[in-house]
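Down below is the structure, laid out as structure tokens.
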There are 2 protein chains.
Amino acid sequence: MRTERLPTLEDVARIAGVSRATVSRVINGIRNVDPQLHEVVWDAVGRTGYVPNRLARSLVTRRTGTVALVVSDSESHDDDPFMSRFFADPYFGRVVGGLMSVLRAQGVQLALQIVGTDDGRKRLVGDLRNGQADGAIVLSLPAVDPLPRMLTEGGVPAVLIGRPAEPVPIDYVDLANDTGAALAAERLLSRGAQRLAMISGPADVPASSDRIAGFRRALARRGHGWVPIETGNFTRDSGEAAMRTLLAGHPGLDGVFAANDLMALGALSALREAGRRVPQDVAVVGFDDSSAAVAASPALTTIRHPLEDMAAEAARLLLARIEEPAMRVSSVIYEPALVERDSA
Amino acid sequence: MRTERLPTLEDVARIAGVSRATVSRVINGIRNVDPQLHEVVWDAVGRTGYVPNRLARSLVTRRTGTVALVVSDSESHDDDPFMSRFFADPYFGRVVGGLMSVLRAQGVQLALQIVGTDDGRKRLVGDLRNGQADGAIVLSLPAVDPLPRMLTEGGVPAVLIGRPAEPVPIDYVDLANDTGAALAAERLLSRGAQRLAMISGPADVPASSDRIAGFRRALARRGHGWVPIETGNFTRDSGEAAMRTLLAGHPGLDGVFAANDLMALGALSALREAGRRVPQDVAVVGFDDSSAAVAASPALTTIRHPLEDMAAEAARLLLARIEEPAMRVSSVIYEPALVERDSA
DNA sequence: GAACACTCGGAAAGCGCTCTCCAACCCCGA
DNA sequence: TCGGGGTTGGAGAGCGCTTTCCGAGTGTTC
């Protein structure tokens, strides 16, 4: 099976009685080839079951029809369960789904790449420059990541999902995280909550710090000063722990904003355990509008994060930049919206 | 940036003052090259910042260091939301996570491929035979899918996750779905439930039919005859609808087995809406032990599905087959386990 | 009928790499 | 001094494709 040689351009050419060049032209629909020959060639293609070899083609055209989805992680070891947690999180799947919705239509493939070390990043950039893929969509996890800069300096078309921590001239799509957090704050206040608190993500990643800043600012505007903030790491368990800590330090709180739904779920557990009713005693607002939000009980009032749309836009942006590398660097910011359910 | 030509083997050879062949040998660590030259070459590599071109290498070695993750769907259109639902489901992410855990350690990359038409399948097999990837992990969604057979006939190393609907000599990993369903049945019975029902997935996909068969068989063994089964499509909403239908037709039922957690979640909603308490009035068992199970309220008693482990094993199997194409076809069946929580 | 403009198809030069020969060389024993 | 065995490094032939030249053929115009 695998052993028998596959038909090549050469074979097709021989059978059709023309040159390799002609077959190539016919297959790629280039120039006006005599309709008669055209037919003869396609016939030979059909008879041989010829399929062009993408590798060989890419080698000369410098185009692969592939885009890399790069997950840039900080120093992760193989036995580190973090990555598997990352993949199990709906975040990853939603991004892939959004990307595929536009890539698939263009016949572009997606190659998954994970880099966890600077060495890995260097190799990745090298491979990309060598035409391993036409461009990259980057999911950058570490608080500060050299990858975006390395990519732009290497001249690799790339689009970030989520803004870079430090300014880099690179395309990206992002969510107005601060606005989202402000929506949460206003919802809690308008529900009558007075003593608010927040369960945030790691303070050094942009999405997190933006949510913290947005929440604080919105409260300040409404005359609320300092609010207790407990830091989690976006997992359910960390949300539960954070909630316990908050309750211990501030038993009178009546409103909580969690920086994602998973942590809100954890908070719900901790509140139930502490005998607090949601939303009567404590109102809770999550973030993301993930499927977990509707599964929760009470169903989570949360902030909608149009991740699929963002990923799709990132893909479009990347395709455009691949087509036109000199294009001006741009970024697209999506507006979040409040989703009202039962928890606040 | 992108314009400047990248250093090639040739350049390195010139700088090191040796031939291309020698540089190639040094880089690939082949044969005993004079230690002195060895050093000279590496030095030149460092100075030029040379990175081997994978494409060119693959073209001659017939090895890409890439494995395709193929999602074989039936006739899906671009505006069909099904795919995005599929990606958002934790199933996809868990599979990717499991695969990556072993592929990454081997430096193997994963390329995502989606095929929705027979034409697409044909092209895919052609590309794979041409060495687009070294092998494929297949997630086959349609009830009956020609892809597995096409792959084996094309001599493409491939491993299925989930057994093929019709017997094909191909490696696969699967879960003992029937055993899992039996565990659910026994749990319900031992909790004292007497009038059981099931919310199944589409009856024509193997995983579904196995769960149905296992559930029925276990009940029959315990002297329970016919049980009402309502069919859903693995989404939350379909579970809710199915539960309503069941309640309408069998108001007295006191135990439900849902073929996955998402549908169990929907069932929970429908039961609450109907004023039934879970587990006091109606006991509910789910399937998968997804993250939704613990988020649910009451937390779902469910069947653990070690998907990450299965995917990892699939990856190992594939790597082995790529290494040794003549290896005997094998399959690995995982045993599910009952996870006791609150809903049953 | 010659000069010109086109159209079409073929030859061949790569793309960047690997790997099989083969020549050159070294060391040893006869 | 010479032949044989064992290294080591270089030349060069591909892997399967695209694409630039060019030459040959056709039709058009004065």
Side-chain angles (χ1 to χ4, degrees), chain A residues 2-42 44-45 48-66 126-132 134, chain B residues 2-42 44-45 48-66 126-132 134:
Chain A
R2 191 104 231 225
T3 55
E4 74 194 24
R5 215 173 51 72
L6 258 45
T8 72
L9 249 204
E10 182 90 45
D11 301 321
V12 177
R14 194 160 0 86
I15 292 191
V18 297
S19 75
R20 285 212 308 287
T22 303
V23 179
S24 176
R25 281 195 275 263
V26 170
I27 286 181
N28 297 304
I30 288 176
R31 278 232 310 243
N32 8 0
V33 175
D34 187 313
Q36 295 229 355
L37 268 191
H38 199 274
E39 202 170 321
V40 172
V41 169
W42 276 119
V45 168
T48 54
Y50 170 72
V51 178
N53 184 320
R54 276 171 167 264
L55 255 59
R57 176 180 288 178
S58 296
L59 187 57
V60 29
T61 58
R62 264 97 218 303
R63 270 304 197 82
T64 58
T66 295
D127 280 347
L128 289 175
R129 302 220 310 162
N130 264 323
Q132 162 95 306
D134 298 335
Chain B
R2 193 104 229 232
T3 56
E4 72 194 24
R5 216 173 50 71
L6 257 46
T8 73
L9 249 202
E10 183 90 48
D11 300 321
V12 176
R14 194 162 359 86
I15 291 190
V18 298
S19 76
R20 286 208 314 283
T22 304
V23 178
S24 176
R25 282 190 202 108
V26 169
I27 286 182
N28 296 307
I30 288 175
R31 281 241 299 250
N32 8 1
V33 174
D34 188 313
Q36 296 230 352
L37 266 190
H38 200 272
E39 201 171 320
V40 171
V41 169
W42 276 119
V45 168
T48 52
Y50 170 72
V51 178
N53 183 321
R54 278 170 165 264
L55 255 58
R57 178 180 286 177
S58 295
L59 187 57
V60 28
T61 59
R62 262 97 219 302
R63 272 302 196 86
T64 58
T66 295
D127 281 347
L128 289 174
R129 302 220 311 162
N130 264 322
Q132 163 95 307
D134 298 335

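Convention: sequence-line order gives letters A, B, ...; per-chain numbering from 1.
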If I take atom CG in residue B:Leu55 and atom P in nucleotide C:dT18, what distance separates them, rounded to the nearest angstrom? 13 Å
Looking at D:dA11, C:dA12, D:dT8, which one has an atom nearest to any side-chain atom of A:Ala21? C:dA12
Using whole Å, what does the distance between atom P of nucleotide C:dG16 and atom CD of A:Gln132 come to? 15 Å
Does C:dG16 have OP1 or OP2 under 4.0 Å away from a side-chain N or O of B:Arg54? no
If you compare every side-chain N and O of A:Thr61 against the phosphate oxygens of D:dT18 (OP1, OP2), does one of them come in below 4.0 Å? no
So which nucleotide from C:dC19, D:dT18, C:dG16 ends up closest to the side chain of A:Leu9? D:dT18
Look up atom CZ in B:Arg54 and atom CG in A:Asn130, then write down how far apart they are to the nearest 0.5 Å. 10.0 Å
Over how many whole Å does the gap from B:Arg129 atom CZ to D:dC15 atom P extend? 18 Å
Counting only side-chain nitrogens and oxygens, does B:Ser24 get under 4.0 Å of the OP1 or OP2 atom of C:dC17? no
Where the side chain of A:Asp11 meets the backbone of A:Thr48, is there a donor-acceptor pair that is under 3.5 Å apart? no
Does OP1 or OP2 of C:dC15 have a side-chain N or O of B:Asn53 closer than 4.0 Å? no
How many Å lie between CD on A:Glu10 and P on C:dA12, as a whole number? 13 Å
Whole Å only: how far is the CZ atom of B:Arg57 from the C1' atom of C:dC15? 16 Å
Please state whether the phosphate of C:dG16, meaning OP1 or OP2, lies under 4.0 angstrom from any side-chain nitrogen or oxygen of A:Asn130. no
Are any side-chain N or O atoms of A:Ser24 and backbone N or O atoms of A:Arg20, one a donor and one an acceptor, separated by less than 3.5 Å? no
Quick check on D:dG16: is either OP1 or OP2 less than 4.0 Å from any side-chain nitrogen or oxygen of A:Thr8? no
Can you tell me how far P of D:dG16 sits from CZ of A:Arg14, to the nearest Å? 12 Å
Distance below 4.0 Å between B:Thr22 side-chain N/O and D:dG10 OP1 or OP2: yes
Taking A:Asn53 for its side chain and A:Leu55 for its backbone only, find out whether a donor-acceptor pair lies under 3.5 Å. yes
Across the strands shown, which category fits B:Arg20 at heavy-atom distances under 4.0 angstrom: base, sugar-phosphate, nothing? base
Counting side-chain heavy atoms from C-beta on, which of C:dT18, D:dC15, C:dC19 comes nearest to B:Leu59? D:dC15
Separation between OG of B:Ser58 and CG of B:Asp134, rounded to the nearest 0.5 Å: 7.5 Å
Any donor-acceptor pair under 3.5 Å between the side chain of A:Arg25 and the base of C:dG10? yes
Figure out the CD1/C1' separation between A:Ile27 and D:dT18, and round it to whole Å. 12 Å
Using 0.5 Å steps for rounding, measure from the CZ atom of A:Arg14 to the CG atom of A:Leu9. 11.5 Å
What nucleic acid atoms does B:Leu37 come within less than 4.0 Å of, heavy atoms only: base, sugar-phosphate, or nothing? sugar-phosphate
Taking CZ from A:Arg62 and P from D:dC17, how many angstroms apart are they, rounded to a whole number? 17 Å
